[in-house]
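The next block holds one structure in the form of structure tokens; read it before the comments.
We number each residue from 1, following the sequence as shown.
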Amino acid sequence: MKISVIGCGYLGAVHASAMAELGHEVIGIDVDERKIGELAAARPPFFEPGLPEILTSATASGRLRFSTDMADAAGAEVHFLAVGTPQTAGSHAADLRFVDAAFEDLLPHLAEGALVVGKSTVPVGTATRLAERLAEVAPHATLAWNPEFLREGFAVKDTIEPDRLVYGVADDAAAATLDEIYRAALDAGTPRIVTDYATAELVKVAANAFLATKISFINAMAEIAEATGADVTQLADAIGHDARIGRRFLNAGVGFGGGCLPKDIRAFSARAEELGRGDAVAFLKEVDSINLRRRQRVVDLAVEALGGSVNERRVAVLGVTFKPDSDDVRDSPALDVAVQLKGLGAEVVATDPEGLENARLRHPQLAYEASTTEALRDADLVVLVTEWGEYRGLDPADVRDLVANPTVIDGRNVLDPASWRAAGWTYRGLGRP
């Protein structure tokens, strides 16, 4: 099919590339000339495993083009809205200005029978509002909502081989069009849920709220474990064997971050308040609070480990991205910890396989070192806060002589305490004895 993808940030660039890789004819539209120039040259403007390969393949085939002119979307049968919805300044609510602007700019270019498909994460009720506007201005087109469930680091796989497809539609014809687009996934057995606009919008935010709650639950248990001498990792293993609970996302540590979970649960709470149902999701405020407390706990452990003060002490911070296999530092717990330690007077040296450039743009006051070895050299304290494979695989005996003081804080509980202690390190985890 002929497809346009409006908005070529993280979601849009991956979606456009994947749709072209699946055989569709795709044009990506964005107002950012630099971003469009990079994508057109098959250079992703962000790090995502697998994206360079499909972007290169799709552009070389001629099935994928990019433009800054919305008029170039005119020939498409289906238009995906993949515009960002950041948190509004001074509020927890989602900022819909970019979605609304892209939608209005697209309206004059909709052909007869065109389908506009929302993929952006929006407050419930947005799709109905846009559908009403579409009926007024372009009644020859229809609207659907098709939420994304991408995991950074796995976004290409999640787009080409999704674990489910959700369609919020007003008629069977829209569902049939989406079936044609996602034929490869459907033929492979991907579950398909066809529902109304409101349910489709709620699926994404409800999923993120549940995941955030599960992470904060085990971090709350870590607080209890620290007060009692229990081991939260073993606790998670034990309760994770219950099929009703499951082990995934029960990893205590410095908490979640990134451009989705924190923003989305806050926007969900704000929308619930607008609907007069704030009490129903009031627990999400505590979920957010627990999550932020874990960052502070890592900082407190660092101060404790260095005898009550980190002032003028060299601290190696391993990781600045919010998760491994990404260069995203938005609301990153790792970067937050580094900044807090710097604020307390520490000589912070941060390292990361992919995120240093983005971190430097946000916090130039920190010292950055591309080499893990050099970051560790002469450190008084090592703080692991992003669980990159490189850091998980460190040999404690090999790096023991690099540091000035062999003390490590495992902010992700991914190191083996026995191995590190046997190699002469003082090991501190979160919720672990």
- Verify the neighbour count for atom CZ of R43: are there more than 12 heavy atoms of other residues, nucleotides or ligands below 6.0 Å? yes
- Is the shortest distance from a Lys or Arg side-chain nitrogen in D30 or K35 to a carboxylate oxygen in the other one below 4.0 Å? yes
- Query: Between R295 and D336, does at least one N-O distance fall below 4.0 Å, as a salt bridge requires?
  - Reply: yes
- Is there a side-chain contact between M1 and M19 (heavy atoms, below 4.5 Å)? no
- Does the D327 side chain pair with the main chain of E354, one donor and one acceptor, at a distance under 3.5 Å? no
- Item | Backbone N/O of K285 and side chain of S289: donor-acceptor pair under 3.5 Å | no
- Task: Could you tell me whether a side-chain N or O of Y197 sits under 3.5 Å from a main-chain N or O of V124, the two making a donor and an acceptor?
- Result: no
- Query: Under the criterion side chain to side chain contact (heavy atoms under 4.5 Å, CB included), which of V315, L381, V299, V385 is the partner of I409?
  - Reply: L381
- Task: I would like to know whether L11 and L150 meet side-chain contact (heavy atoms from CB on, under 4.5 Å); could you show each step before the answer?
- Result: CA-CA 8 Å; L11 166 61; L150 305 188; 3.8 Å; yes
- Query: Taking 4.0 angstrom as the limit, do E201 and K119 come out as a salt bridge?
  - Reply: no
- Is there a donor-acceptor contact under 3.5 Å from the side chain of T213 to the main chain of A209? yes
- Considering the options T372, L318, D325, which one meets the side chain to side chain contact (heavy atoms under 4.5 Å, CB included) requirement together with W388? D325
- Report, as yes or no, whether the 6.0 Å neighbourhood of atom CG on D187 holds more than 12 heavy atoms from other residues, nucleotides or ligands. yes
- Minimal non-hydrogen separation, D410 against Y427, with atom names: OD2-OH, 2.8 Å
- Task: Report yes if the side chains of L415 and Y391 come closer than 4.5 Å at any heavy-atom pair, otherwise no.
- Result: no
- Yes or no on side-chain hydrogen bond (donor to acceptor under 3.5 Å, both in side chains) for T88 and D95, after CA distance, side-chain angles and deciding distance? CA-CA 5 Å; T88 302; D95 187 345; 4.7 Å; no
- Message: Would you say that V5 contacts I27 through its side chain, given a criterion of any heavy-atom pair below 4.5 Å between the two side chains?
- Response: no
- Note on the structure: Closest non-hydrogen atoms of I6 and A102, given as atom of the first, atom of the second and distance, are CG2-CB, 3.9 Å
- Message: Testing the basics here: between P147 and K204, what is the closest heavy-atom pair and its distance to 0.1 Å?
- Response: CB-CB, 4.0 Å
- Verify, without hydrogens or angle tests, whether S371 (side chain) and E374 (backbone) share a donor-acceptor contact under 3.5 angstrom. yes
- Message: Other residues, nucleotides and ligands only: do more than 12 of their heavy atoms fall within 6.0 Å of CZ on F210?
- Response: no
- With no hydrogens and no angle check, is any side-chain donor or acceptor of T126 less than 3.5 Å from a backbone partner on V122? no
- Side-chain heavy-atom pair E347, E312 within 4.5 angstrom cut-off: no
- Salt-bridge criterion met for E304 and R428 (N-O under 4.0 Å): yes
- Query: So, are D328 and K323 salt-bridged, with charged N and O less than 4.0 Å apart?
  - Reply: no
- Item | Verdict with supporting geometry, D300 and Q296, side-chain hydrogen bond (donor to acceptor under 3.5 Å, both in side chains) | CA-CA 6 Å; D300 291 344; Q296 184 59 51; 2.9 Å; yes
- Can you find a heavy atom in the side chain of L366 that is under 4.5 Å from one in the side chain of V320? no
- Message: Regarding E48 and Y10, do their side chains bring together a donor and an acceptor under 3.5 Å, going by distance alone?
- Response: yes
- Item | Test side-chain contact (heavy atoms from CB on, under 4.5 Å) applied to M70 and L106, step by step | CA-CA 7 Å; M70 187 69 82; L106 177 63; 4.1 Å; yes
- So S216 and N219, side-chain hydrogen bond (donor to acceptor under 3.5 Å, both in side chains) or not? Walk me through it. CA-CA 5 Å; S216 282; N219 277 327; 5.4 Å; no
- Message: Treating S326 as the side-chain partner and G153 as the backbone partner, does any N or O pair qualify as donor plus acceptor under 3.5 Å?
- Response: no
- Message: Treating R63 as the side-chain partner and A20 as the backbone partner, does any N or O pair qualify as donor plus acceptor under 3.5 Å?
- Response: yes
- R297/E226 ion pair, N-O < 4.0 Å: yes
- Which word best sums up how the rings of H15 and F80 line up, parallel for under 30°, tilted for 30 to 60°, or perpendicular for over 60°? perpendicular
- Item | I218 side chain reached by V232 side chain, heavy atoms, under 4.5 Å | yes
- Message: If you compare all heavy atoms of W425 against all heavy atoms of T407, which two are closest, and at what distance to 0.1 Å?
- Response: CE3-N, 3.5 Å
- Message: Looking at R247 and D237, is there a salt bridge between them, counting it only when a charged N and a carboxylate O are closer than 4.0 Å?
- Response: yes
- Message: Any side-chain to backbone donor/acceptor pair from T321 onto P324? Under 3.5 Å, distance only.
- Response: no
- Query: Given D331 and K263, is the salt bridge (Lys or Arg N to Asp or Glu O under 4.0 Å) satisfied, shown in steps?
  - Reply: CA-CA 9 Å; D331 204 355; K263 167 184 74 71; over 6 Å; no
- Which heavy atom of L186 sits nearest a heavy atom of T190, and at what distance? CD2-O, 3.8 Å
- Item | Crowding at CZ, F46 (>12 non-hydrogen neighbours, <6.0 Å) | yes
- So is R271 actually on top of F268's ring, under 6.0 Å and inside 45° of the axis? no
- Backbone of G278 reached by a side-chain donor or acceptor of E273 within 3.5 Å: no
- Derivation of the salt bridge (Lys or Arg N to Asp or Glu O under 4.0 Å) call for R360 and E357: CA-CA 5 Å; R360 188 178 284 111; E357 183 178 345; over 6 Å; no
- Item | NZ/NE/NH1/NH2 to OD/OE distance under 4.0 Å, D100 and R129 | yes
- Item | Heavy-atom side-chain proximity of P333 to R294 below 4.5 angstrom | no
- Item | Distance-minimising heavy-atom pair for A200 and T195 | N-CG2, 3.8 Å
- Message: Go through it in stages, so that I can follow the logic: the residues are R362 and V339, the test is side-chain contact (heavy atoms from CB on, under 4.5 Å), and I'd like the CA-CA distance, side-chain angles, deciding distance and then a yes or no.
- Response: CA-CA 10 Å; R362 288 176 180 253; V339 170; over 6 Å; no
- So do V169 and V194 actually touch side chain to side chain, heavy atoms under 4.5 Å? yes
- Note on the structure: Separation between CZ (R313) and CG (L344), nearest 0.5 Å, reads 13.5 Å
- Judged by modelled atom types alone, do D179 and Y167 share a side-chain donor-acceptor pair under 3.5 Å? yes
- Query: Could R330 and F322 be counted as a cation-pi pair, given that NZ or CZ must be under 6.0 Å from the ring centre and within 45° of the axis?
  - Reply: no
- Message: Using the rule given for side-chain contact (heavy atoms from CB on, under 4.5 Å), can you reason through V408 versus V403, listing the C-alpha separation, both sets of side-chain angles and the distance that settles it, and then say yes or no?
- Response: CA-CA 10 Å; V408 62; V403 300; over 6 Å; no
